[in-house]
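Every chain is numbered from 1, with letters handed out A, B, ... down the list of sequences.
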There are 2 protein chains.
Amino acid sequence: MKLKKLEISERVVQRLTEYLSILKEARKRDDEINSIELAKIMNTTSAQVRKDLSTFGEFGVRGKGYDIDNLIEIITKILGIDKINHVIIVGHGKMGEMLSSNVEVLGEGFKIVGIFDKDENKIGKIAENNLVIQDVRNVEEFVKNMKNEFNIKIDTAILAVIKEQAQFAAEELVKNGICAILNMTTYKLELNKNIKVVDMDISAKLQELNFWRINSPNEKI
Amino acid sequence: MKLKKLEISERVVQRLTEYLSILKEARKRDDEINSIELAKIMNTTSAQVRKDLSTFGEFGVRGKGYDIDNLIEIITKILGIDKINHVIIVGHGKMGEMLSSNVEVLGEGFKIVGIFDKDENKIGKIAENNLVIQDVRNVEEFVKNMKNEFNIKIDTAILAVIKEQAQFAAEELVKNGICAILNMTTYKLELNKNIKVVDMDISAKLQELNFWRINSPNEKI
DNA sequence: TAGATTGTTAATCGATTAACAATC
DNA sequence: TAGATTGTTAATCGATTAACAATC
């Protein structure tokens with residue numbers, strides 16, 4: 001597989017994750033799919049589907065379409081989830097608990113290897129996935145050990161603390177070598193630009209939904 | 001408050017939710033803010049901030065900036081979260097449980113009034129927020145009762161079932177008058193276009209983050 | 001070969017930004 | 001009034017789409 005590498009827009013990457021999920025569904029029914037069918041499910045044009053995919057290479061067969069298994073494999077590679085990515089969860093409140101106990105939710109390609117909290121009542125307890133909840137001050141040591149003993153570099157953290165702690169906790173993580181953060185809080189993190197942050201704010205999404213609900217053109221309430 | 005009403009882009013609404021969260025933080029420190037400061041926190045230009053806000057009206061004072069409290073109130077109204085919006089949760093697995101037990105997570109303006117599941121072992125049990133978990137087949141009756149007895153119209157559902165059930169469950173909800181769905185599953189729902197759906201897919205967001213991590217220009221792993 | 005669908009170019013559309021008159 | 005910052009216009013930039021040659 002030859003991957004072109006150039007400027008890739010956020011939108012394209014977002015759609016890539018959607019294509020993947022759609023393809024996994026489609027695979028249950030078919031072996032092949034074309035840009036028209038894919039576009040219909042995505043609510044977009046076939047031109048966009050082809051353009052998106054051609055950002056990364058030539059994966060289709062003219063006159064036929066795309067082999068679903070092949071495309072799944074390619075997108076999986078592009079997203080780096082063809083291998084296990086080791087992540088830590090910081091904050092073991094309701095959200096952290098849900099994330100660590102729900103094997104489904106992270107999807108394939110990710111494995112939780114550490115859980116941290118600052119609450120002394122939680123530290124030392126065993127989470128539902130059988131990991132011991134560690135003191136958040138141990139992140140540094142943990143990351144080092146994983147590197148030295150198992151040669152596992154931990155880059156990614158899921159930040160699930162309360163929003164009042166988000167900025168501080170994130171800065172600590174960055175100090176310990178974390179360069180990618182899935183931010184489950186409502187706090188807008190202010191970090192060095194080379195740190196990748198993706199926000200996952202449920203309340204914001206609900207607000208968005210609510211706006212469209214009350215402002216829908218075919219509103220009839 | 002006079003609200004202009006015209007074509008509003010998804011991006012603007014998304015940023016509106018971000019402005020709101022930033023303003024709530026800023027209020028702790030200041031009474032006023034200008035577009036330059038707001039832009040800095042948002043990682044954008046002051047022109048965009050002003051343009052975004054002016055989509056909805058004239059809220060600033062030339063030479064001074066924006067009154068934070070005032071702006072919060074306005075955005076809160078625009079997003080329709082100045083009043084309580086009643087939502088139901090469908091699916092009381094790990095995700096549904098987290099949502100219903102975590103008062104923080106939905107943010108202000110939303111209240112869970114019903115929890116539904118199809119698992120007989122769960123039906124009749126009491127969830128952490130003290131609501132009885134109801135049979136999902138009762139949604140119809142529940143929605144009608146809320147309307148008739150309390151004059152509460154339920155428009156919004158949070159879909160937290162397993163992805164294999166997502167499409168079916170969503171269609172049932174729509175039949176019972178739900179017109180806005182926060183989709184917590186990885187399944188790409190295919191519904192009538194007048195139904196508002198916002199996707200909230202944790203695994204997709206992790207994939208996105210992972211892509212940027214491994215493709216960051218200043219990668220040095 | 002004829003039919004189909006890709007990959008890509010060029011045209012269009014929409015979103016962002018620079019610049020500035022309006023005005024506090 | 002002078003200084004500052006808004007709201008808005010016009011210019012720029014980027015993303016989407018239409019169209020079609022390439023090719024299976």
Side-chain angles (χ1 to χ4, degrees), chain A residues 1-19 22-23 26 30-72 74-75 78 208 217, chain B residues 1-19 22-23 26 30-72 74-75 78 208 217:
Chain A
M1 185 177 71
K2 212 167 51 180
L3 281 195
K4 296 185 201 170
K5 189 144 176 184
L6 54 152
E7 286 313 298
I8 289 158
S9 82
E10 274 186 40
R11 311 299 297 273
V12 172
V13 180
Q14 279 165 13
R15 284 196 297 267
L16 219 51
T17 68
E18 284 189 64
Y19 292 133
I22 288 169
L23 289 166
D30 287 304
D31 289 339
E32 291 183 338
I33 198 165
N34 63 42
S35 59
I36 301 152
E37 299 169 274
L38 213 33
K40 195 179 267 174
I41 306 174
M42 287 281 289
N43 279 325
T44 181
T45 60
S46 65
Q48 179 161 85
V49 172
R50 294 196 300 278
K51 188 132 231 274
D52 282 348
L53 295 176
S54 72
T55 311
F56 300 96
E58 300 194 9
F59 308 130
V61 179
R62 283 160 205 241
K64 291 192 82 184
Y66 301 90
D67 178 87
I68 296 183
D69 277 326
N70 181 239
L71 209 45
I72 289 176
I74 285 162
I75 297 178
I78 293 172
E208 217 182 300
Chain B
M1 183 177 72
K2 211 168 50 179
L3 280 194
K4 295 185 200 170
K5 190 145 175 183
L6 54 152
E7 286 313 299
I8 289 157
S9 82
E10 276 186 38
R11 311 298 298 274
V12 172
V13 180
Q14 279 166 13
R15 283 196 297 266
L16 217 53
T17 68
E18 284 188 63
Y19 292 132
I22 289 170
L23 289 166
D30 286 305
D31 290 337
E32 292 183 339
I33 198 165
N34 62 41
S35 58
I36 301 153
E37 299 168 276
L38 212 35
K40 195 181 267 176
I41 306 176
M42 288 281 288
N43 278 325
T44 182
T45 60
S46 66
Q48 179 160 85
V49 172
R50 294 196 301 278
K51 189 130 229 269
D52 282 348
L53 295 176
S54 71
T55 310
F56 301 97
E58 300 195 9
F59 308 129
V61 179
R62 285 162 204 240
K64 291 191 82 184
Y66 301 89
D67 179 86
I68 295 182
D69 276 326
N70 181 239
L71 210 43
I72 288 176
I74 286 162
I75 298 178
I78 293 172
E208 217 182 302

As a test of reading the structure: which of C:dT16, C:dC20, C:dT8 is closest to the side chain of B:K51, going by heavy atoms? C:dT16
Taking the side chain of B:Q48 as heavy atoms from C-beta outward, which of C:dT5, C:dT8, C:dT17 is closest to it? C:dT17
What I want to check is whether an N or O donor and acceptor connect the side chain of B:R62 with the base of C:dT23 at under 3.5 Å. no
Is there a side-chain polar atom (N or O) of [X] under 4.0 Å from OP1 or OP2 of [N]?
X: B:S35; N: D:dT6; value: yes
X: A:T55; N: C:dG7; value: no
X: B:T44; N: C:dT17; value: yes
X: A:S54; N: C:dG7; value: no
X: A:R15; N: D:dT16; value: yes
X: B:Y66; N: D:dA4; value: no
X: A:T45; N: D:dT16; value: no

Are any non-hydrogen side-chain atoms of [X] and [Y] less than 4.5 angstrom apart?
X: B:F56; Y: B:I75; value: no
X: A:R11; Y: B:R11; value: yes
X: A:R15; Y: A:Q48; value: yes
X: A:D52; Y: A:T44; value: no

Using heavy-atom distances to pick each residue's nearest nucleotide on DNA chain D, tell me which of A:K64 and B:G65 is more 5'. B:G65
Distance (rounded to the nearest 0.5 Å) between B:D67 CG and B:L23 CG: 10.0 Å
Under 3.5 Å on both distances, the Watson-Crick or G-U partner of D:dT6: C:dA21
Does any nucleotide pair with D:dC13 by Watson-Crick or G-U wobble geometry, both distances under 3.5 Å, and what is it? C:dG14
Heavy atoms under 4.0 Å, any strand shown: does A:S9 hit a base, just sugar-phosphate, or nothing? sugar-phosphate
Please work out if A:S46 contacts a base, only the sugar-phosphate, or nothing of the nucleic acid, heavy-atom cut-off 4.0 Å. nothing
